[in-house]
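Heads up, the thing below is written out as structure tokens.
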Amino acid sequence: MKIKPEQLRSHRWFGRESMRTYNHRSRMAQLGVAESDYRGKPVIAIVNTWSEINPCHQHFRTRAEEVKRGVWQAGGFPLEMPAMSIAEIFQKPSPLMYRNFLAMETEELLRSYPADGAVLMGGCDKTTPGLAMGATSMGLPFIFMPAGPMLKGHASGATLGSGTDMFKGWSELRAGTIDQQHWEDLLLGIARSPGTCMTMGTAATMMSAMEALGLTLPGASSIPAPDSGHARMATATGKRIVDMVWEDLRPSRILTNDAFDNAVTCVLALGGSTNALVHLIAMARRAGCSLDLDRFDALARETPLIANIRPAGKHLMEDFHYAGGLRGMLERIRGRLRLDALTVNGATLGENIAGARVFDDDVILPLDAPLVANGSLAVLRGNLAPDGAVIKPAAADARLHRHRGKAIVFESYAALSQGIDDPALEVDEDSVLVLQNAGPLGGPGMPEWGQLPIPKKLLQRGVRDMLRISDCRMSGTSFGACVLHVAPESYIGGPLALVKTGDEIEIDIPARRLTLHVAEDELARRRAAWTPPPPRYTRGYGAIFQQNVTQANEGCDFAVLAARDAVPDPDIY
Ligand code: FES
């Protein structure tokens with residue numbers, strides 16, 4: 001033990017003799033807790049993002065009890081602390097807008113209460129980075145308990161992936177190849193148990209990244225939420241955090257540049273969501289690490305995509321777990337990982353994955369037969385995106401990897417919705433659909449609109465992919481030739497704001513270029529004529545978000561939260 005009981009942070013609340021600590025102990029008695037239950041023991045905050053509005057976390061009430069069981073067994077004292085549940089499907093205008101809110105809430109919960117360590121319970125998309133960012137800034141020992149994926153979807157004899165098969169079904173309904181009844185049948189079978197999306201969406205991507213970072217117990221991230229192994233993992237997580245407090249195993253020892261390289265390599269081998277760029281950059285900055293878009297691109301050039309999971313592949317997270325899970329996949333790419341990186345169980349990543357087996361080579365592909373040999377993700381730059389943009393080449397039609405076409409510009413998602421199926425729209429499969437004002441400030445919060453719908457008349461002619469460009473994000477469950485996260489965004493006058501219908505745009509993925517073919521003097525004229533839109537918010541959280549949020553290439557954190565200055569523990573008088 002590195003830490004003695006009187007060195008516990010909670011000792012300041014409970015251990016000293018003063019009128020104030022007397023008051024704290026009297027209120028613990030009011031809670032029905034004996035002094036011997038908590039005094040001199042690690043107090044573990046269980047930060048629980050359960051909410052009745054969040055279907056992906058509906059098992060968290062039970063799991064919190066299982067985490068507490070582990071904390072008690074290991075000699076700690078658990079306190080469950082609810083935090084905002086960011087339910088990806090329901091929260092508007094965009095769940096990303098609330099990631100920083102959850103990060104602030106997590107950090108301040110841990111700072112303002114007598115916590116010695118924390119178990120973070122999350123999984124539905126933005127909850128994972130939000131919890132991790134806040135806890136990293138606070139700096140106490142913490143461990144992440146991933147929600148785990150839901151079971152595979154089933155309807156009408158087909159296996160369904162959340163998100164992915166809804167997007168496909170919607171296109172087919174609009175093309176007239178499936179009927180309304182088929183569409184309604186999908187609705188009841190596409191999400192049929194507790195747990196997160198079971199495609200390689202943002203949830204699975206970020207839960208896996210947390211394991212690769214060393215922030216979960218080994219093998220935790222892919223256990224299906226309803227599996228009894230998930231409950232056992234929750235209890236083991238509760239046990240482990242108590243020892244982490246005594247060992248003083250803080251995130252500053254785990255979150256290194258090597259750990260972030262491991263997370264990025266893991267995401268690339270999984271064919272993970274492009275949301276990971278925004279979140280991992282934000283998380284790295286909180287930890288004082290140097291991750292940026294260029295590092296993503298460099299690692300992408302050498303990392304094979306070997307997880308055969310939708311939307312890039314054909315299986316789902318439940319299959320991935322049975323095939324060996326993340327440990328199996330990481331063992332397969334062992335040679336590309338920084339094996340000495342420390343993890344929450346006190347062992348290195350290399351030790352945690354040693355000997356892990358793959359049981360199904362069609363789900364976790366051999367290195368000599370990857371889904372994509374390298375470049376599953378590419379960072380583009382050019383006069384249209386000076387600070388970068390991203391595309392998943394593996395999810396795009398190969399004919400669009402090098403392409404030049406005429407832009408059709410929509411100034412807002414409302415304009416897009418209204419105009420995209422207009423029979424008079426002059427569009428063909430070579431056109432480039434452009435959406436403006438959908439970035440961090442414009443969306444706001446970069447809503448997942450990036451998979452812009454293909455015009456109905458083209459769908460009916462069999463077209464299923466087109467080049468699409470925007471400054472918003474795309475669901476990890478989406479697919480297509482979609483250039484995303486264009487920075488700087490159009491709402492603040494980035495070059496995307498200057499594009500007009502009829503302009504020619506060229507993409508060259510192998511050269512990592514995105515070019516607007518408009519003469520510089522014409523662009524200068526358009527820039528001079530551009531006027532900034534009025535602020536969306538004049539009060540409330542929206543105004544705080546607006547004043548502080550950074551651009552996509554910087555992780556969309558609040559500059560004031562990303563700062564690394566130490567915040568003192570509260571005085572207790
Ligand atoms: Fe919760 Fe997809 S909606 S993880």
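When a ligand or atom number is given, it counts from 1 through the structure's own listing order.
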Which of the ligand 1 atoms, numbered from 1, are nearer than 4.0 Å to a heavy atom of [X]:
| X | result |
| --- | --- |
| Glu88 | 3 (S) |
| Ile89 | 3 (S) |
| Asp125 | 2 (Fe), 4 (S) |
| Thr196 | 4 (S) |
| Cys56 | 1 (Fe), 3 (S), 4 (S) |
| Ala203 | 4 (S) |

Item to check | Non-hydrogen side-chain atoms of Asn54 and Phe90 separated by less than 4.5 Å | outcome: no
Next on the checklist: Does either side chain, that of Asn352 or that of Glu211, offer a donor lying less than 3.5 Å from an acceptor on the other one?
Outcome noted: no
Checklist entry - Does Cys124 bring an N, O or S atom to within less than 2.8 Å of atom 2 (Fe) of ligand 1? => result no
Checklist entry - Taking 2.8 Å as the cut-off, does an N/O/S atom of Cys197 lie below it from atom 1 (Fe) of ligand 1? => result no
Checklist entry - Aromatic rings Phe558 and Tyr541: how do their planes relate, parallel, tilted or perpendicular, breaks at 30° and 60°? => result tilted
Item to check | Sidechain N-carboxylate O distance under 4.0 Å for Asp319, Lys314 | outcome: no
Checklist entry - In Å, rounded to the nearest 0.5 Å, how long is the span from CE of Met145 to OG1 of Thr235? => result 10.0 Å
Next on the checklist: Exactly one of Arg63, Lys68, Arg69 should register a side-chain hydrogen bond (donor to acceptor under 3.5 Å, both in side chains) with Glu66. Which one does?
Outcome noted: Arg63
